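Worksheet: the structure to be examined is printed underneath.
This is a predicted model, so every value here is computed, not measured. Heads up: numbering here begins at 1 and tracks the sequence.
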Amino acid sequence: MGVSDQELTGRVAIVTGAGAGIGAGIAAMLAEAGEKRGGRAITVTADVSDARDIDAMVRQTVTDLGGVDILVNNAGIATTELVEDLDEETWRGVLDVNLTGPFLCCKAVLPHMRRKQWGRIVNVASVAAKRISFTGAASYTASKAGLLGFTRHLAYEVAPHGINVNAICPGPTMTPMYERNADEQTRRERIAMVPKGRWLTPEDHGRVTVFLCSEAADALCGLAIDVDGGSLLGWMPWDRYMAKRRKK
């Protein structure tokens with residue numbers, strides 16, 4: 001695989017929630033992969049749970065930049081209540097942003113991608129989609145699990161049109177949202193579960209996203225790639241696992 005296989009020169013990408021955290025890292029890496037011919041970016045304020053906002057965002061992108069080739073559904077929110085304390089409005093609010101938002105964004109860009117017979121959609125889920133969230137509520141876990149189901153189904157529908165849909169599942173990443181929702185003890189416990197022994201970075205997720213948007217990943221459809229430093233592999237802190245094995 002040559003370097004050119006992962007160049008995105010001339011492609012136009014929309015990244016939701018790109019102002020900070022994982023979204024900012026993904027946007028920066030996509031820009032770097034497409035910078036050989038120069039490039040420019042626009043900022044659009046939109047509520048991803050509002051179809052009118054999304055349609056306006058896509059129209060502005062097409063008008064200003066000439067089309068839409070790549071969509072990264074990254075915008076997301078989380079709360080921390082137990083189910084018994086989680087009110088319906090909060091539940092619906094999280095699903096509106098984390099699950100309905102990607103649906104609306106995909107629906108808005110698909111006609112543009114279908115006309116070109118080329119497109120890349122990457123949904124940013126979470127390792128919570130495959131286990132549970134340690135810092136978010138059940139609404140967050142449910143929304144991210146639903147996003148993986150949506151990813152698989154949409155990938156099947158649009159693959160014949162040259163459009164690839166995949167997801168990444170970030171592991172523990174120190175983002176503003178994580179800083180708000182995780183106290184110091186939770187942070188220590190989470191990093192202890194990561195065999196790589198470090199926090200994931202927005203750039204880690206950006207590099208995998210660039211790959212999924214490139215020609216090198218043309219055969220990948222409907223996957224959910226864990227970008228988690230191995231945190232889903234085990235069920236206890238790595239050092240405790242090794243200590244137990246060495247005693248035998």
Using a 4.5 Å cut-off on heavy atoms from C-beta on, say whether the side chain of [Y] contacts that of [X].
| X | Y | answer |
| --- | --- | --- |
| Asp218 | Arg120 | yes |
| Glu179 | Arg187 | yes |
| Ile26 | Val124 | yes |
| Cys169 | Asp226 | yes |
| Ser126 | Ser133 | no |

Quick one: closest heavy-atom pair of [X] and [Y], and the distance?
| X | Y | result |
| --- | --- | --- |
| Leu212 | Ala167 | CD1-O, 4.4 Å |
| Asp69 | Gly10 | OD2-O, 4.0 Å |
| Thr201 | Thr173 | C-CG2, 4.0 Å |
| Cys106 | Asn73 | SG-ND2, 3.5 Å |
| Met113 | Leu71 | CE-N, 3.9 Å |
| Gly229 | Val194 | O-CG1, 3.6 Å |

(message) One thing to verify: whether Lys130 and Asp228 come together as a salt bridge, which I'm taking to mean a side-chain N less than 4.0 angstrom from a carboxylate O.
(response)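 No, Asp228 and Lys130 are not salt-bridged.
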
Between Asp183 and Arg188, does any NZ, NE, NH1 or NH2 come within less than 4.0 Å of an OD or OE carboxylate oxygen?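 Salt bridge: no.
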
Begin with the C-alpha distance, continue with both residues' side-chain angles, and end with the deciding distance and a verdict on side-chain contact (heavy atoms from CB on, under 4.5 Å) for Val48 and Ile54. CA-CA 6 Å; Val48 297; Ile54 297 307; 4.1 Å; yes

- prompt: Taking atom types as modelled, is there a side-chain donor on Trp118 or Glu215 under 3.5 Å from an acceptor on the other?
  reply: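 Distance-only check passes for Trp118 and Glu215.
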
With side-chain contact (heavy atoms from CB on, under 4.5 Å) as the test, pick out the partner of Ile121 among Asn166, Val72, Leu110.
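Of all the options given, the one that passes is Leu110.
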
Assess whether atom [atom1] of [X] is packed by more than 12 heavy atoms of other residues, nucleotides or ligands within 6.0 Å.
| X | atom1 | answer |
| --- | --- | --- |
| Lys107 | NZ | no |
| Glu88 | CD | no |
| Glu89 | CD | no |
| Arg131 | CZ | yes |

Once side chain to side chain contact (heavy atoms under 4.5 Å, CB included) is applied, do any residues pair with Pro111, and if so which ones, sequence neighbours excluded?
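Pro111 satisfies side chain to side chain contact (heavy atoms under 4.5 Å, CB included) with Arg114, Arg115 only.
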
Legend entry - Derivation of the side-chain contact (heavy atoms from CB on, under 4.5 Å) call for Arg152 and Leu148: CA-CA 6 Å; Arg152 291 191 299 271; Leu148 294 191; 4.0 Å; yes

Can Asn98 and Ser143 be said to form a side-chain hydrogen bond (donor to acceptor under 3.5 Å, both in side chains), step by step?
-> CA-CA 6 Å; Asn98 295 3; Ser143 68; 3.1 Å; yes

Quick one: does Asp64's side chain have a donor or acceptor within less than 3.5 Å of a partner on Ile42's backbone?
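Pair absent, no side-chain N/O of Asp64 close to backbone of Ile42.
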
| Short side-chain to backbone donor-acceptor contact, Ser214 and Phe211, under 3.5 Å |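 Such a contact is found between Ser214 side chain and Phe211 backbone.
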
Listed pairs under 3.5 Å, donor-acceptor, residues 13-21 side chains, sequence neighbours left out:
residue	atom	partner	partner atom	Å
Thr16	OG1	Asn74	N	2.9
Thr16	OG1	Ala75	N	2.9

**Prompt:** Which residues satisfy the side-chain hydrogen bond (donor to acceptor under 3.5 Å, both in side chains) test with Thr80, sequence neighbours excluded?
**Reply:**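 Result, side-chain hydrogen bond (donor to acceptor under 3.5 Å, both in side chains) vs Thr80: none returned.
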
